[in-house]
Colleague: 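Starting off with a structure, shown below.
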Amino acid sequence: MKNVLKSFFESFLRSRHMLHHFERWQTLLGSKPVGVISVAMPPDIAKALATASRTDAGEMLVMLDSSPRGLSEGHAQVLRKRLGSNEVRHEQPLPWWTHLWQCYRNPFNLLLTVLALISYVTEDMKAALVISSMVVLSTVLRFLQESRSNKAADRLKAMVSNTATVLRPAPGRKAGAAGDEGFDATHAGTVRVEVPMRDLVPGDVIALSAGDMIPADCRLLTAKDLFISQSALTGEAMPVEKFSIDRGDHEAGVLERENLLFMGTNVISGTATALIVHTGDRTFFGALAQRVTATDRGTSAFQAGINRVSWVLIRFMLVMAPLVLVINGVAKGDWWEAALFALSIAVGLTPEMLPMIVTATLAKGAVVMSRQKVIVKRLEAIHNFGAMDVLCTDKTGTLTQDRIVLERHTNAWGEGSNHVLQLAYLNSFHQTGLKNLLDKAVLNHAEMQPETRLQTAYRKIDEVPFDFSRRRMSVVVENGGSEHLLICKGALEEILSVCTSVERGAEVLALDAELLARIHSVASELNKQGLRVVAVASRTLGAEARKAAYSVADESELTLLGYVAFLDPPKESTAPALRALAEHGVAVKVLTGDNELVTRKVCGDVGIEAGHIVLGREIEDLRNDELRVLVEKHQVFAKLTPAHKERIVHELHANGHVVGFMGDGINDAPALRAADIGISVDGAVDVAKESADIILLEKSLMVLEQGVVEGRRTFANMLKYIKLTASSNFGNVFSVLVASAFLPFLPMLPLHLLVQNLLYDVSQIAIPFDNVDEEFLKSPQQWNPADLGRFMVFFGPLSSVFDILTYTVMWFVFSANTVEHQTLFQSGWFIEGLLSQTLIVHLIRTRKIPFLQSRAAWPLLAMGAAIAAVGIWLPMGPLAHYFKLQALPLAYFPWLVAMLVGYAVLTQTVKGWYARRYGWQ
């Protein structure tokens, strides 16, 4: 098949008179031509782009069978059919049946399904119905909540632009016609056509201007004042200059090549024409997106924790149920009845409401977060939020505002200067070219109060536009006098090359070697603070030197005035949010693609102690075990690639941390996916939002602290149910084992066990709405199966003490000591067992004294009281015969109260000792 496609593609190339270029096209695009990508090994995209960068623009046009006038529509259609649409394949939404299966599959649901089937086969329809209902409710609730969240997230995925301006040969003129080799910015003989981005193909020539999104990976043909924002790919906040020529920096990384443009970036200012080299999944963006969406998420902290806890409880069941079967079968001789009873014990030991309680608790947390304008795409992310002890975050657009502001305006000695600010303002205001981000920052600066006076006081005479060879621009103004004032603004080295003096206050000093060293020192210090420095100089032209028109030659003998320095500032909520996270035991690490100077400045502003900043090149050759040590020692990492970020997250995870990652660019997507909880923002690129578990709709980061608290509250309530149910059920089974060894009848019928278990589980439905003690919210919480097993062993038998006392009271006080009086015995234990289970909820839900120092939420109090009333009513009411129970004498109830009070006192005493010995999670 591969050979057939290759032969067909070669035939196509011959028909286009390109066979002599075929081998070179293979080299450019990888090991195979574009037409056979689908059956070939993925090409080395970085290598192919590097080749495109080094190749002459005219040669590139020939190799792609194009021209400065672009492709004809017919030729573009042929290529489109062969190469497919210019679309990056995002993560496909799961079919509803696959999503439903994922919501269902966990150890408990599978076990409960087996128990329901066994109950059905043994004709215990009530048990089968109860168990099946629990499984269906938990699965459907989770499915509906996650589906709703994913639909909300999908609505956020709107492209900034969906068309591109493409050059097409004018009617009557073929692409590639004679004379096309002398292309320039005018592109005579062309028409401009708006084409959907998905229809672009390699060989198309596109026109770009400010605000345009780069629709594919391109090689620049022409460029004028072109600034590109690559922050989505590299994390670097400052726009980068791009040129149409190859400036020979072949050692630079592909993303740093000055004549290449990349899908997912956008034009800040300037104009350009560019030749499309790669489209769709073959772009740098597409390759990274595919790698992200093809990567298995693995097992999250929540999934791993709930699985470990599940297996602890399942192992208890697998030991206790057979033991009950053997003891009752041997003691009573009725193996069928013993088997049914053992099955009831298995059901009783399994907290069948766990999937539903977990899902309801997580869903409640998602609803609370939605009120904070946060979309929770995956419910388990709520728990991971609370368990998170390390938050890794990108810098640009997450910690910072992803915009440029004027941070400093100083003289050449680094001292604040309003005079420098005023002249920089005049320069930016009067230039007629496209104003870049730096000019806008000057014009928008909050301290620039006298702007109206400046605008009216000075009249523009002329300007010398910016160009990239001299990297500066000048305007000439006058204020009504006989003199003209030339104001020049640009890169420091280029400004110094035309300066002969330096101004300090009213004094003008000749520029000598000593002053030059001082100037470089001041500028270097500003750079170390993460600031981008632009120099400002001026020259006063007297009546004899003034002109009507000025040129580059007039940019001479200037006086250096000082600098304006720019920064991408942190969000106002960043510092307080990071402090709040630290108070809750969450360490923050910065992982950015930006340089270390800018990173150190931002970290200092938001209160992060940077220390030694680890650079990407430092971790490139480290073994995993070496990197595992490094990531624990350092807080800030800069100049990272997407692979570096992903690797750091993996190693933190390997160290036992629950890791969150917050980012908004394509360069953050692999790390977002690798983390236990990926956090993105509304303005993030689509792939980042797809990879994230949580999307913030507001810029404030304080919602992170709220998410951590809500996650811990959610986890606390889940853990309450698991610990309460596991210990209570274990105590019941222990009591059954004791009773089975001595009683001539079953201490409780299978029906009684199931009804008691169902009533208790119903009382726990309100747990998601329970209050949580503040102490529990202070530090990260994680699953601890060993603690659960120990908790069961300590607190389960406490209930057995009072169960055995109940046996004794029923046997000796109320004479329920024969088979004929077993119903009275079973009724007495039914009520005591249910009420003690309901009471223990309030004893174990808090480390404090219940009802006095810590009170449950009113829904849990009300539900517990209602279930207790129902439990007493069943034996005492008209339905007692249906449930094979009977009314108890009134003399029973003082004994009941005494046992419940004794149980509460003993549990509270043991709880205090246990908390001091093992802690109280």
Side-chain angles (χ1 to χ4, degrees), residues 49 52-61 64 66-71 86 160-161 163-169 175 180-195 197 200-234 236 238-247 249 252 254-279 283-285 431-439 465-471 473:
L49 288 171
S53 174
R54 291 191 298 267
T55 305
D56 180 74
E59 202 171 345
M60 280 290 303
L61 287 165
L64 290 173
S66 185
S67 79
R69 294 184 176 83
L71 301 174
N86 177 36
V160 175
S161 173
T163 63
T165 303
V166 178
L167 301 188
R168 294 278 185 249
D180 281 351
E181 62 279 0
F183 63 91
D184 57 25
T186 60
H187 291 276
T190 65
V191 293
R192 298 192 174 202
V193 181
E194 289 295 316
V195 172
M197 286 185 180
L200 297 175
V201 295
D204 269 330
V205 176
I206 57 173
L208 299 168
S209 58
D212 284 347
M213 177 182 288
I214 308 300
D217 286 355
C218 307
R219 167 69 156 82
L220 276 170
L221 301 179
T222 65
K224 179 177 174 55
D225 302 344
L226 186 63
F227 283 85
I228 300 292
S229 171
Q230 295 189 158
S231 61
L233 286 179
T234 65
E236 187 175 3
M238 293 294 183
V240 295
E241 303 170 9
K242 293 288 184 175
F243 309 92
S244 60
I245 58 174
D246 177 16
R247 290 163 46 114
D249 188 9
V254 170
L255 291 175
E256 298 171 5
R257 297 294 176 92
E258 295 175 331
N259 59 356
L260 294 180
L261 305 178
F262 302 92
M263 175 186 271
T265 62
N266 60 283
V267 181
I268 297 299
S269 64
T271 58
T273 56
L275 174 68
I276 292 179
V277 178
H278 290 160
T279 57
T283 61
F284 190 91
F285 185 106
Q431 69 144 313
T432 57
L434 284 170
K435 291 178 172 58
N436 60 34
L437 291 180
L438 305 183
D439 288 311
F466 180 89
D467 67 63
F468 288 102
S469 59
R470 67 187 224 288
R471 300 178 67 199
M473 68 84 54

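Please read these numbers as outputs of a predicted model, since none were measured by experiment. What's counted below: heavy atoms across the whole structure, side chains too, no hydrogens, waters or symmetry copies.
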Colleague: Measure across Ile276 and Thr279 and return the closest heavy-atom pair with its distance rounded to 0.1 Å.
Modeller: CG2-CG2, 3.5 Å
Colleague: When you measure from the side chain of Asp217 to the backbone N and O of Val277, does any donor-acceptor pair fall under 3.5 Å?
Modeller: no
Colleague: Please name the pair of heavy atoms, one in Leu167 and one in Arg192, separated by the smallest distance, quoted to 0.1 Å.
Modeller: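 Nearest heavy atoms, Leu167 then Arg192: CD2-CG, 3.8 Å.
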Colleague: Please give me the minimum heavy-atom distance between Ala272 and Leu226, naming the atom from each residue.
Modeller: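 Closest approach of Ala272 to Leu226: CB-CD2, 3.7 Å.
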Colleague: Could you check whether any side-chain N or O of Arg219 sits under 3.5 Å from a backbone N or O of Ser244, counting only pairs where one atom can act as donor and the other as acceptor?
Modeller: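 Answer holds: yes.
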Colleague: I need the minimum non-hydrogen distance between Pro465 and Met473, along with the two atoms involved.
Modeller: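 Taking Pro465 first and Met473 second, the nearest heavy atoms are C-CB, 3.9 Å.
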Colleague: Does the Asn86 side chain pair with the main chain of Ala216, one donor and one acceptor, at a distance under 3.5 Å?
Modeller: no
Colleague: Heavy atoms only: give me the nearest Phe243-Leu220 pair and the separation to one decimal.
Modeller: O-CD1, 3.3 Å
Colleague: Quick one: CD1 on Ile206 to CG on Leu221, what's the gap to the nearest 0.5 Å?
Modeller: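 It is 9.5 Å, given to the nearest 0.5 Å.
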Colleague: Among all residues two or more places apart in sequence or in another chain, which pass the side-chain hydrogen bond (donor to acceptor under 3.5 Å, both in side chains) test with Asp204?
Modeller: Arg168
Colleague: So, taking the atom named CD in Glu256 and the one named CD in Gln230, what distance separates them when rounded to the nearest 0.5 Å?
Modeller: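 With rounding to 0.5 Å, CD (Glu256) is 9.0 Å from CD (Gln230).
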Colleague: With Lys242, which of Asn259, Leu208, Ile228, Thr265 fulfils side chain to side chain contact (heavy atoms under 4.5 Å, CB included)?
Modeller: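 Among Asn259, Leu208, Ile228, Thr265, the one meeting side chain to side chain contact (heavy atoms under 4.5 Å, CB included) with Lys242 is Ile228.
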Colleague: Considering non-hydrogen atoms only, spot the tightest contact between Val205 and Thr273 and give its length.
Modeller: CG1-CB, 4.4 Å
Colleague: Just how far is it from atom NZ of Lys224 to atom OG of Ser209, taken to the nearest 0.5 Å?
Modeller: 14.0 Å
Colleague: Going by heavy atoms in the side chains, are Pro68 and Leu61 under 4.5 Å from each other?
Modeller: yes
Colleague: Go through Arg257 and Leu49 one step at a time and tell me if the side-chain contact (heavy atoms from CB on, under 4.5 Å) criterion holds.
Modeller: CA-CA 9 Å; Arg257 297 294 176 92; Leu49 288 171; over 6 Å; no
